Amino acid sequence: MNIRPGAGHSAPGRFPVMQATTSSLISLGGVEKAFGAVRALSGVSLDVAAGTCVGLVGHNGAGKSTLMNILAGTLQPSAGRLGVAGEDVSAGYGVATANRLGVRCVFQELSLCPNLSVAENARILHPSLKGLGWRRRAAALIGGKLDAIFPGHDIEPGQIVGDLSIARRQMVEIARAFSATDRNVRLVILDEPTSSLDGVLAAQLLSFVRGFVAEGGTVILISHLLAEILNTSDRIVVMRDGGIVADRPASGFSRASLVESMGSVAREMDARHARTGGGAAERRVSATAKRQPEAAPLIAGRGEIVGLAGLGGHGQTDMLVRIFEGARMRTAGVTVEGRTAIVAGDRQTDGVFPLWSIGENATIASLGRMLRGMLIDPDAESRMAAEWKERIGIRTPDMRNPILSLSGGNQQKVLFARALGSDADIILMDDPMRGVDIGTKQEVYSIIRREADAGRTFLWYTTEMDELKHCDRVYVFRNGGIVAELSGDEITEDRVLHSSFEPAA
Amino acid sequence: MNTALLARNARILLPTLSFVVILLAVFWLQPRAMSYVGLNLLLNLALPIAFATIAQMFVITVNDLDLSLGAYVGFVACVGATWLGEQPALGVLVLAAGIAVYAAVGALIHLRNLPSIVVTLGMSFVWLGLAILVLPTPGGKAPDWLRALMTWKTPIVPFAIYALLALAIIVHFGLMRSAYGAVLRGAGGNPRSVERAGWSLLRTKMVMFALAGVFGMFAGLALVGLTTSGDANIALRYTLLSIAGVILGGGEFTGGRISPVGAVIGAMTLTLAGSFLSFLRLDPDWQIGAQGVILIIVLALRVLINRAEARTA
């Protein structure tokens, strides 16, 4: 378990003998991965011994999923050494090698074929299930595994996966990952396996994991439920900013120390604009989460920057969409005073029009104000494009160039220009800084602050802790609902993290 | 759960039901159709359409569309009416080359990540041009064995019914029950997952397009066997008819959700709808429009069923 090259071997908690006598099943050395300008992994070294369960925790964007995708063979590392079962597979490691070596992965996004039956999905993973009677054998294989992991389940192998509930699909996917034919299973990576399972099913899975490990199997468990990690793992690895920051036997961690090592130590917070909280002056938005219509609503006032925090995918985007729709039609629990505009986080799918020019992308939301008769006034359009090129600093020689000629960060600026240039009073931002370089970020932060001072309201979903310090108030989301409201000096990484995770069971 | 099961069965039942309704309507309008000769006249043109529909279904399974199918069927008919009878070796070679081109189109679409609509739309002009080169004016003559096969007097019910039945069963077992069929359909449902399991998506796409070429070829040969002569424009309608047949039969444009049995029934329904409108003595000018109305009604029912499914899920 080298944390970094040169650090010595130390025996992890429960399997000291194994560690000493057998070579490790997985051995990563200095693995790096970059997506464009963003470094997702910066030199990760990790050894995993056979017959252990390793818990992997970290905040969003810490690099967990990237690391697991590299192990599963779906991403190739930019640099580094990768060994599986004593074989050096650094060169040309892909899904085929991963399959051959028995590395399985349950990904966060479900990876079953929804149009096939449960048994047919098992067949997809096992090429040896063929010939006469393959349907019966596939059904027996997956049915047997489901019985072993989730006794008392009610899934029939003949059911079409698309007709199953999300929880049952997850169960099938997990059972499939643990199933073995001539394709052996050595390492199973579980990425948030219990996210859609109820308590009973989750407990069944975790006890199965312990049994699997006791028989010599290896599991890497990723979960945001810290109790799960603490109770199931032999060893816990904490990641932050693309590197490993702690790696100790599970017994050496408590919930508090785990949370602490995920966040950075007491960060200096910027001097914050002192504001009257609660939007007392002029309330613009009031919205309850769909899951908890009775609870206190999210409130945002004129000139406020309100953060939506918490782990990714816990209802923040849904809330933004709810508010966006609430501004257009009556929605129970949502009142919005003013016009809204949204800045999409997923540029490629929700944001840019890839075939249009930069200028057209920036002005699309404001065309209604640039009409001359029934037609668009091209002069007004190019004036607006030129104005925003200056105001937000879009780095291009000509706004008529195609949008895809810009870097990711500059594309994002165009999306900001689109929202800020419109007449919207309320700007909804859906994690807009993903994959944007630090310089651009700083520019955009100051623009947001300036616009807020001019009276606009910002609702800002972000998964980056640093960005929350720009907010006047922060709502922390968990499981589709608001679990905490922090304002002013209360907005610390520590408080946000503690609220993001389930209270210790 | 129970209602979900009901809704799913309704999806399988709907094509069958619409077929039966139209068949009964035809019998009611024209009782003499309830005979060997009558059924033969009603359904023998369903056979080439059913082959084309199955061909289209293979392509739709992997989330693509083939807009060149009608032109390709016409090309095969032209080859069938000329070279296949006169120089059988050359004819067979050309038909085999056609299938190879289909596989190559599948490979091109996968490797270059091109929209299939664009590629196959382009290919439709290639096939049409080739067909005109082979047979500049309508004419030619189908090989005798092909004519004999298509006019074969089978016992009890006409040949077309046996052939349609065999087609549905063979494709059902090949695609819905076989081990590799599951992989082929999975490549339409969740390509990434199939790829992660170590299967070649290139191969699945090539196989599916080649199968489309094979069944499109059967469609062209069946057609020329029935009409006895060829014409480059003989089957241009088949492109849209085949797509309609797949959808009518319970298939969906994306996600690998298809049904071979449904597709064959869908093709039969479309053919019968044409006859039904003739029996109504509807002006031929209105028939295409009326066929469209029938299609819209059935598909509207489909949407209602899917909504019911979504609610129960």
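Quick caveat: nothing in here was measured; it's all calculated off a predicted structure.
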Requested in this report: Please test B:Asn63 against B:Thr254 for side-chain hydrogen bond (donor to acceptor under 3.5 Å, both in side chains), starting from the C-alpha separation and ending with a verdict.
Outcome: CA-CA 5 Å; B:Asn63 302 332; B:Thr254 55; 5.2 Å; no
**Report entry** Flag, side chain of A:Thr194 to backbone of A:Leu197, donor-acceptor distance under 3.5 Å
**Finding:** no
Report summary line: Whatever's closer than 4.5 Å to a heavy atom in chain B on A:Leu112 counts as backbone
Requested in this report: Verify the distance criterion only: is there a donor paired with an acceptor across the side chains of A:Gln159 and A:Ser117 at less than 3.5 Å?
Outcome: no
Report summary line: Most contact-rich option vs chain A, by heavy-atom pairs under 4.5 angstrom, among B:Pro191, B:Gly188, B:Gly198, B:Ser193, is B:Ser193
Query - Lys/Arg-Asp/Glu bridge criterion (N-O < 4.0 Å) met for A:Lys64, A:Asp191 - result: no
Requested in this report: Please flag which part of A:Thr74 lies under 4.5 Å from any non-hydrogen atom of chain B: side chain, backbone, both or neither.
Outcome: side chain
Query raised in the report: Do the ring planes of B:Phe51 and B:Phe215 sit parallel (below 30°), tilted (30 to 60°) or perpendicular (above 60°)?
Result: tilted
Report task. Output the option from A:Glu120, A:Arg100, A:His126, A:Lys130 having the highest count of non-hydrogen pairs under 4.5 Å with chain B. Result -> A:Glu120
Query raised in the report: Does one side chain, of B:Asp66 or B:Tyr72, offer a donor that lies under 3.5 Å from an acceptor on the other?
Result: no
Report summary line: residues 167-184 of chain B vs chain A, non-hydrogen distance cutoff under 4.5 Å, contacting residues -> B:Met176, B:Arg177, B:Ser178, B:Ala179, B:Tyr180, B:Ala182, B:Val183
**Report entry** Flag side-chain contact, heavy atom, 4.5 Å: B:Val105 against B:Met123
**Finding:** yes
